[in-house]
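All values derive from a computational prediction rather than experimental measurement. For the numbers below, each heavy atom of this structure counts, side chains included, while hydrogens, waters and symmetry mates do not.
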Amino acid sequence: MSFNTIYFLLMSVRMAPRLPLIFLLMIQGVSSAGWGVSYSPSHICALKDSSVIMNCTYTYPTGHQIRKVFWTNNHKKGEESPDLSEDPEYSQRLQYLGDKQQNCTIRLSHVTQKDEHMYYFKFITYSSDGKWTGYPGVTLTVTDLQVESPERVTEGHNVRLTCKSSCALTDRATFIWYRNSQPLTERRDGNNQLLLQSVRREDAGRYSCALHGHTYISPAVQLSVMYPPKSVSVSISPCCEIVEGDSVTLNCSSDSNPPAEITWFKGETFVGSGRIYSISKISSDHSGEYKCKSRYEHGEKYSDAETLNVLFRCFSSVAVAVAAAVGVLLGGASGAFVMYICLNKRMNRRSAMKESAISDPNEDTYTALELKSMTSDLYDTLSTVHPRPPGDSCRTLDPKHESPSINRKMLQ
């Protein structure tokens, strides 16, 4: 509008009779007065899989009647704006909460990253030029949650975990924390941080977060708690009697994170490394005290010593019988002496293992050889409380139960 035109209008107003102010306002901006759309808020940050409310109001000049109202996310000149309620991707998730007078609010549920657009409200009246699009509209950003945490923390220290999103969530809901998929109800608070004070090894696990009232849960993040071994111990398998030629496994128990470096000692001599120390075809030379050392990045710790006793493996039953028969034929005393040495060595090994233990009459034990005389009838005193099974390598010879031919020769 030119300056001359404005001047002419002002002079006309001054010369004309005074009109009501409302009439003058109606004259100014006739083509756009009274048309508009308002959004609150105009930017929304929503959590993935949540529902979003887009608050909206609209106005139009008096005298118009609304024929159609709808929302769209496509505002291009020369193109017809699509109605989202007719779009298969939105029809089941979009709910119009407004009316055909002033309210144009909608709810969009189960939002995903694909829903990130600018949304506009549009209404059409029965007038030929009665169309209006509320541009700019509502900008929707969809975010997920991520837990920010150190990978590991030392036992006794404090650690802070943060539940983060890519944008400031419009919904000010309360954060909820989970450890190994179990809710930490005592940790619920209004902010997005979780503080663990004086961390214990039990606090290790997979942590995730969520918003109260929402189904979406963040991906879990592993928190590792580092701690030294509290106890180190040695176990021997098989236990109890270990006979020459057997295989033996020693296991070092050392609970620490990260796993400690294990070394083995016989007395003060280094003999191996690793959590398991194995000895195949063990001999009496392997008898002794064994202990393991657990070396941690902040120190080391020794186990108590465990004694490994290896029992002497006697002659077989047949060898003993033959030796006894030959000994008797040669003079009697030599055969008895061989048997006595075998049994006595066996008993000494067992006595070393069970020192200070009370003898049990039902225990599998052997009696020593009683030498009444150096004659051929000295075997009358040989007896066993509970004989070993036939396969036992330390089975003694009882002349009374051997074959008649051998007994006759022995008694001659």
Lys301, Lys230, Arg201, Arg275 screened by salt bridge (Lys or Arg N to Asp or Glu O under 4.0 Å) with Asp255, the one that passes: Arg201
Separation between OG of Ser208 and CG of Leu161, rounded to the nearest 0.5 Å: 10.5 Å
Heavy-atom check, side chain of Leu196 versus side chain of Leu223, under 4.5 Å: yes
Contacts of Pro258 that satisfy side-chain contact (heavy atoms from CB on, under 4.5 Å) - sequence neighbours left out: Met226, Tyr296, Glu297
Ser224 side chain reached by Asn257 side chain, heavy atoms, under 4.5 Å: yes
Min side-chain heavy-atom separation Trp132-Thr125 under 4.5 Å: no
Under 3.5 Å side-chain donor-acceptor pair for Thr143 and Ser165: no
Separation of Ile217 CD1 from Trp177 CH2 (nearest 0.5 Å): 12.5 Å
Smallest separation among heavy atoms of Pro238 and Ser247, with atom names: CD-O, 3.6 Å
Ser284 backbone acceptor or donor facing Glu244 side chain under 3.5 Å: yes
Contact check, side chains of Asp115 and Arg93, non-hydrogen atoms, under 4.5 Å: yes
Shortest non-hydrogen separation from Met54 to Tyr119 and the atoms involved: CE-CD1, 3.7 Å
Under 3.5 Å donor-acceptor, Asn73 side chain and Met118 backbone: no
Under 3.5 Å donor-acceptor, Gln146 side chain and Lys164 backbone: no
Atom CD of Gln113 with >12 non-hydrogen neighbours under 6.0 angstrom: yes
Separation between CD of Gln95 and CG of Leu108, rounded to the nearest 0.5 Å: 11.0 Å
Atom pair CD/OH of Gln65 and Tyr60 - distance to nearest 0.5 Å: 8.5 Å
Side-chain donor or acceptor of Ser278 paired with backbone N/O of Thr249 under 3.5 Å: no
Heavy-atom pair with the smallest gap, counting every atom of Thr141 and Cys167: CG2-SG, 3.9 Å
Under 3.5 Å: donor-acceptor pair, side chain of Asp83, backbone of Ser85: yes
Greater than 12 external heavy atoms within 6.0 Å of Arg152's CZ: no
Under 3.5 Å side-chain donor-acceptor pair for Ser127 and His64: yes
N/O donor-acceptor pair under 3.5 Å between Thr72 side chain and Pro82 backbone: yes
Under 3.5 Å: donor-acceptor pair, side chain of Thr57, backbone of Gln102: no
N/O donor-acceptor pair under 3.5 Å between Asn251 side chain and Ser235 backbone: no
Spatial distance of atom CG (Asp144) from atom CG (Leu47) [nearest 0.5 Å]: 8.0 Å
Exceeds 12 heavy-atom contacts within 6.0 angstrom, atom CZ of Arg295: no
Side chain to side chain, Tyr290 and Ile279, heavy atoms closer than 4.5 Å: yes
Backbone of Cys56 reached by a side-chain donor or acceptor of Thr105 within 3.5 Å: yes
CD1 on Ile242 to NE2 on His286, rounded to 0.5 Å: 11.5 Å
4.5 Å side-chain heavy-atom contact, Ser283 and Val310: no
Neighbour count above 12 (heavy atom, 6.0 Å) for Asp87 CG: yes
Any donor-acceptor pair under 3.5 Å from Asp49 side chain to His110 backbone: no
Side-chain donor-acceptor pairs under 3.5 Å in residues 265-273, sequence neighbours left out?
| from | atom 1 | to | atom 2 | distance (Å) |
| --- | --- | --- | --- | --- |
| Lys266 | NZ | Asp285 | O | 2.6 |
| Lys266 | NZ | Ser287 | O | 3.2 |
| Glu268 | OE2 | Lys291 | NZ | 3.4 |

Side-chain heavy-atom pair Cys252, Tyr277 within 4.5 angstrom cut-off: no
side-chain contact (heavy atoms from CB on, under 4.5 Å) between Leu194 and Leu184, worked out: CA-CA 10 Å; Leu194 173 65; Leu184 298 174; 4.2 Å; yes
Plane angle bin for Phe121 and Trp71 - parallel if under 30°, tilted between 30 and 60°, otherwise perpendicular: tilted
